[in-house]
Chemist: 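I have a structure I would like to understand better, so I am pasting it below and will then ask my questions one at a time.
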Amino acid sequence: MACDLSLGRAIPCKNVVGGLRAIYFADFGEIPFSAITFADATATYDEITDISGTFTVYKYDLKGNSSFEQAFNSSRENGTTFFTQTLNLSLTKLTKQDNKQLKVMAYGRPQVIVEDYNGNAFFMGMQYGAEVTGGTVVTGAAMGDLSGYTLTLEGQEKAPAYFIEGAVQNNPFAGCTATVTITTGTSF
């Protein structure tokens, strides 16, 4: 991989918004690295052009206080660079069904597709998975407080989370050849 810059950046238009629309969880290894095709052979464009195979993902709709951020971690002394991907979730309403699923998630290290309000889909924890590093089950104190869950997942990868080409609202896999079962929950 070359370390030479190849592109500048002008000030972009102000036509984007913040926030996450949904997340899709897959058990670690459900989407194998070998099933992923990148925009070029060296994966330097940070874009996935295809995912093949058959797999199941579990969709969580989001509203409000959820965010996704990625930190650059680089050491001149060690000659290393990696990226910490952090997903902060706020899920309203306590249910026994969610308790069970979130407990299982904390035991594992899922792969996560993050869909934002700008039509972007990012593949978090693609190679190494994402770990639940913290969270709460909270009832709130006042009538207007959160009664639900907060959850933090963290992944450490060699590159920032890749964009998935062809993603559309409610189906980040629309441009892929994979056969994907998207399982959504019901309101309890």
Chemist: At what distance, to the nearest 0.5 angstrom, does CG of Asp46 lie from OH of Tyr162?
Modeler: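 Reported to 0.5 Å precision, the distance equals 5.5 Å.
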Chemist: Does Gly125 offer a backbone N or O that forms a donor-acceptor pair with the side chain of Gln85 under 3.5 Å?
Modeler: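 Yes, because the side chain of Gln85 sits within donor-acceptor range (under 3.5 Å) of the backbone of Gly125.
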Chemist: Should Ile164 and Phe38 be counted in the same cluster of Ile, Leu, Val, Met, Phe, Trp and Tyr side chains packed under 4.5 Å apart?
Modeler: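 Yes, same cluster.
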Chemist: Where the side chain of Ser90 meets the backbone of Ser66, is there a donor-acceptor pair that is under 3.5 Å apart?
Modeler: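 Checking the backbone N and O of Ser66 against the side chain of Ser90, no donor-acceptor pair under 3.5 Å is found.
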Chemist: By the definition side-chain contact (heavy atoms from CB on, under 4.5 Å), identify the one residue from Leu87, Val132, Asn88 that meets it with Thr152.
Modeler: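 Exactly one pass, corresponding to Asn88.
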Chemist: Between Glu157 and Gln127, is there a donor-acceptor pair closer than 3.5 Å when you use the side chain of the first and the backbone of the second?
Modeler: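 Checking the backbone N and O of Gln127 against the side chain of Glu157, a donor-acceptor pair under 3.5 Å is found.
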Chemist: Would you say the side chains of Thr150 and Thr136 form a donor-acceptor pair under 3.5 Å?
Modeler: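 Judged by distance alone, the side chains do pair up.
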Chemist: Roughly how far, to the nearest 0.5 Å, is the OG1 atom of Thr81 from the CZ atom of Arg76?
Modeler: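 The CZ atom of Arg76 sits 12.0 Å away from the OG1 atom of Thr81.
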Chemist: Mind checking whether Gln156 and Asn73 have side chains closer than 4.5 Å, heavy atoms only?
Modeler: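 Gln156 vs Asn73: side chains apart.
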Chemist: Name the atoms and distances for all side-chain donor-acceptor pairs under 3.5 Å in residues 12-31, with sequence neighbours left out.
Modeler:
from	atom 1	to	atom 2	distance (Å)
Tyr24	OH	Glu115	OE1	2.8
Glu30	OE2	Thr56	N	3.0

Chemist: What pairs of donor and acceptor atoms, side-chain ones from residues 167-183 against any protein atom, are under 3.5 angstrom apart with sequence neighbours left out?
Modeler:
from	atom 1	to	atom 2	distance (Å)
Asn170	OD1	Lys59	NZ	2.9
Asn171	OD1	Phe173	N	3.0
Asn171	OD1	Ala174	N	3.3
Thr177	OG1	Asp50	OD1	3.2
Thr177	OG1	Asp50	OD2	2.9

Chemist: With no hydrogens and no angle check, is any side-chain donor or acceptor of Asp98 less than 3.5 Å from a backbone partner on Thr95?
Modeler: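 Between the backbone of Thr95 and the side chain of Asp98 there is no qualifying donor-acceptor contact (under 3.5 Å).
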Chemist: Could you tell me the separation between the CD atom of Gln101 and the CG atom of Leu91, rounded to the nearest 0.5 Å?
Modeler: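 Going from CD on Gln101 over to CG on Leu91, the span is 12.0 Å.
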Chemist: Would you say Asp116's side chain and Gly119's backbone share a donor-acceptor pair under 3.5 angstrom?
Modeler: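 Checked: pair present.
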Chemist: In terms of hydrophobic clustering (I, L, V, M, F, W, Y; side-chain heavy atoms under 4.5 Å; direct or indirect links), are Leu102 and Leu62 co-clustered?
Modeler: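 Yes; Leu62 is reachable from Leu102 via cluster members.
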Chemist: When rounded to the nearest 0.5 angstrom, what distance separates CD1 in Ile36 from CE in Met126?
Modeler: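 The CE atom of Met126 is 5.0 Å from CD1 of Ile36, to the nearest 0.5 Å.
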Chemist: Quick one: which of Leu89, Val137, Thr133 gives a side-chain contact (heavy atoms from CB on, under 4.5 Å) with Leu151?
Modeler: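 With Leu151 as partner, Leu89, Val137, Thr133 yield a single side-chain contact (heavy atoms from CB on, under 4.5 Å), made by Leu89.
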Chemist: Taking atom CD of Glu154 and atom CD of Glu69, what is their separation to the nearest 0.5 Å?
Modeler: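 Taking CD in Glu154 and CD in Glu69, the distance rounds to 10.0 Å.
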Chemist: Mark yes or no for whether Asp145, through its side chain, and Ala141, through its backbone, hold a donor-acceptor pair below 3.5 Å.
Modeler: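 Indeed, once roles are kept as given, a pair shorter than 3.5 Å links the two residues.
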Chemist: Any side-chain to backbone donor/acceptor pair from Thr37 onto Thr49? Under 3.5 Å, distance only.
Modeler: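 Not a single qualifying donor-acceptor pair exists.
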Chemist: Looking only at heavy atoms, which two atoms of Met124 and Leu153 are closest? And how far apart?
Modeler: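 In terms of heavy atoms, the two residues are closest at CE-O, 3.5 Å.
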Chemist: Ignoring hydrogens, what is the shortest heavy-atom contact between Tyr60 and Met105? Give both atom names and the distance.
Modeler: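 Distance-wise, the nearest heavy atoms are OH-CE, 4.1 Å.
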Chemist: Please tell me whether Phe83 and Phe33 are part of a single hydrophobic cluster in this structure, the criterion being side-chain heavy atoms less than 4.5 Å apart.
Modeler: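 Different hydrophobic clusters.
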Chemist: Return the CZ to CZ distance between Phe122 and Phe68, rounded to the nearest 0.5 Å.
Modeler: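 One finds 7.0 Å between CZ of Phe122 and CZ of Phe68.
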Chemist: Could you work out, with side chain to side chain donor-acceptor pair (under 3.5 Å) as the rule, every residue matching Asn65, not counting sequence neighbours?
Modeler: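 Expected list: none.
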Chemist: Among the clusters formed by ILVMFWY side chains lying less than 4.5 Å apart, do Leu94 and Leu146 turn up in the same one?
Modeler: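 They do not share one cluster, since no chain of ILVMFWY contacts under 4.5 Å joins Leu94 to Leu146.
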